Amino acid sequence: MFSSIALRQARHLSTATAAAAAASSTSSSTISISKAKSKLKAEHDPDKALEIYSSVSDRYISPLSSRYAQEYAVKRLAKSHRFSDIENFLESHKNSPQITQEPFLSSIIRSYGVAGMFDHALKIYDQMDDLGTPRSAISFNVLLSACVHSKLYDRVAQLFDEMPVKYEFLPDKVSYGILIRSYCEMGSPEMAMERLKEMEEKGVEITTVTFTTILHSFYKKGKSDEADCVWNEMVKRGCGPDVGAYNVKIMNIQGGDPEGVKALIEEMSDAGLKPDTISYNYLMTCYCRNELMDEAQKVYEDLERTGCNPNAATFRTLIFYLCKKGRFETGYKVFKESVRVNKIPDFNTLKYLVEGLVKRSKLKDAKGMSRTVKKKFPPNLVKAWTKLEEELGLTKVEAGDNGVQ
DNA sequence: CTAGGGTTAG
């Protein structure tokens, strides 16, 4: 196990090192960051992802997109368990003159968090003084997020009590928000409520997001009364509810009657809020679960008119339930739309669909779908899909289906 | 350019 990873790392090290070198220099400019973004999304090979990252020309013009590209490359490497390559890649950024800028250094901490390498994140945070980077809550908040990302919830509280004293800065509303999130993740909204009091005392603003975090946690524990209290407190203070808070409320009732979901969506519209894709996904899913497929399809079809775009969850859920009800032809149409907007569902959902098409003798559609899937999936899934094709007999040339028609 | 809440079948 270990040796195979080591081998793979050795084989790829040269590319990673080259990309790392390019990342710390300003040369090799060939493509724009927006183009890199769309290329990265379709690229599953971590080495190629690194190449795309290092070929970006306007990194300094668009730091936000640059951070995105960096994170993306790291995500791909992490998926391949190439942690020493991630280290080479990210550590090389320390040679950049920009390292004295806190946001630049913070993006490295963030990337380590994304890779689940919290020890590395903490190390560079502690090195800031040596690197000449000034500290504020910015880097601290990124560090706390990295901690949450690595699911080290109890360490969040520890860092929260330790770092501001050690490095002399004040935690802000965001720091508190992350702390409260980690209490909620640990199943303790009560502890979170305690910290709200502390925020009050110190005059730190309590945001809608923070309230919503606690709201969700109480619902999750089945404590609806406490959740209602949080909701009322939020309203009383005039900070919300917003669309996100409403969506948490909808989530809590979506297992029931679709009319209840519909009513809440209307309530939010009446309150001057614009329900978003997530709100409508809840409604669509609720219809699906209640076997009201025409209504579910209508929600999907109306999405554009309401100014919302279907997302990956929309496609996945709808295609799954359409298959479940035997509506494979419609499922195929929805699939084609998901391809068009580059949000195709996962392997199992698509397996369900292609099997249904074969069962209904829609071989031409099944084959067309198969070709598309193989173009969009990463190599390991293409392999599994090819096996599925063989099992379904899609590789055979049937009479009357010789490709001429 | 600091963060953060809410979605996804069986």
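A, B, ... follow the sequence lines: proteins, then strands. Residue 1 opens every chain. Predicted model, so just to flag it, every value in this text is computed and none were measured.
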Quiz item: Which of these nucleotides, B/dA9, B/dT2, B/dG6, is closest to any side-chain atom of A/Val248?
Solution: B/dG6
Quiz item: For atom CG of A/Leu131, is the number of surrounding heavy atoms from other residues, nucleotides or ligands below 6.0 Å larger than 12?
Solution: yes
Quiz item: Do A/Glu91 and A/Tyr112 meet the criterion of a side-chain donor-acceptor pair at a distance under 3.5 Å?
Solution: yes
Self-check item: Integer-rounded Å distance: B/dA3 C1' and A/Phe160 CZ
Solution: 13 Å
Quiz item: Tell me: CG of A/Asn348 to P of B/dT8, nearest whole Å?
Solution: 17 Å
Quiz item: In whole Å, what is the span from the CD1 atom of A/Ile180 to the P atom of B/dA3?
Solution: 17 Å
Quiz item: So, do A/Phe377 and A/Ile344 sit near enough that their side-chain heavy atoms are less than 4.5 Å apart?
Solution: yes
Exercise. Return the nearest nucleotide to the side chain of A/Ile178; candidates are B/dC1, B/dA9, B/dG4.
Key: B/dG4
Self-check item: Among B/dG6, B/dG4, B/dT2, the nucleotide that comes nearest once only the side chain of A/Thr207 is considered
Solution: B/dG4
Quiz item: Between atom NZ in A/Lys249 and atom C1' in B/dG6, what is the gap in whole Å?
Solution: 14 Å
Quiz item: If only atom types and distance count, is the side chain of A/Thr317 paired as donor or acceptor with the main-chain N or O of A/Thr314 below 3.5 Å?
Solution: no
Quiz prompt | Under 3.5 Å donor-acceptor, A/Ser338 side chain and A/Phe335 backbone | solution = yes
Exercise. Compare side-chain N and O positions of A/Lys324 against OP1 and OP2 of B/dG10 and report whether any pair is under 4.0 Å apart.
Key: yes
Practice problem: Using whole Å, report how far CD1 of A/Ile206 lies from C1' of B/dA3. | Solution: 16 Å
Practice problem: Name the nucleic acid region contacted by A/Val243, choosing base, sugar-phosphate or nothing; use a 4.0 angstrom heavy-atom cut-off, strictly under. | Solution: base
Self-check item: Contact list for DNA chain B against residues 271-282 of chain A - heavy-atom distance below 4.0 Å
Solution: A/Asp276, A/Ile278, A/Asn281, A/Tyr282
Practice problem: With sequence neighbours left out, write down each residue that passes ring pair (Phe, Tyr, Trp, His ring centres under 6.0 Å) with A/Tyr125, or none if nothing qualifies. | Solution: A/Tyr167
Exercise. Please check the phosphate of B/dA3 (OP1 and OP2 only) for any side-chain N or O of A/Ser175 closer than 4.0 Å.
Key: no
Quiz item: Which part of the nucleic acid, if any, lies within reach of A/Thr213 when heavy atoms closer than 4.0 Å are counted: base, sugar-phosphate only, or nothing?
Solution: sugar-phosphate
Quiz item: If you look at every strand shown and take non-hydrogen atoms under 4.0 Å, does A/Tyr321 touch a base, only sugar-phosphate, or nothing?
Solution: sugar-phosphate
Practice problem: Report the nucleotide, chosen from B/dA3, B/dA9, B/dT7, that has the shortest atom-to-atom distance to any side-chain atom of A/Ser145. | Solution: B/dA3
Quiz item: Among B/dT8, B/dA3, B/dG10, which is the nearest nucleotide to the side chain of A/Ala313?
Solution: B/dT8
Practice problem: Please check the phosphate of B/dA3 (OP1 and OP2 only) for any side-chain N or O of A/Arg110 closer than 4.0 Å. | Solution: yes
Quiz prompt | Side chain of A/Asn247 - closest among B/dT8, B/dG6, B/dA3 | solution = B/dG6
Exercise. Could you verify whether a donor N or O on one side chain and an acceptor N or O on the other, from A/Thr210 and A/Thr213, lie under 3.5 Å apart?
Key: no
Quiz prompt | Spacing between A/Asp242 atom CG and B/dG6 atom P, to the nearest angstrom | solution = 12 Å
Quiz item: Taking the side chain from A/Glu102 and the backbone from A/Ser136, do they hold a donor-acceptor pair closer than 3.5 Å?
Solution: yes
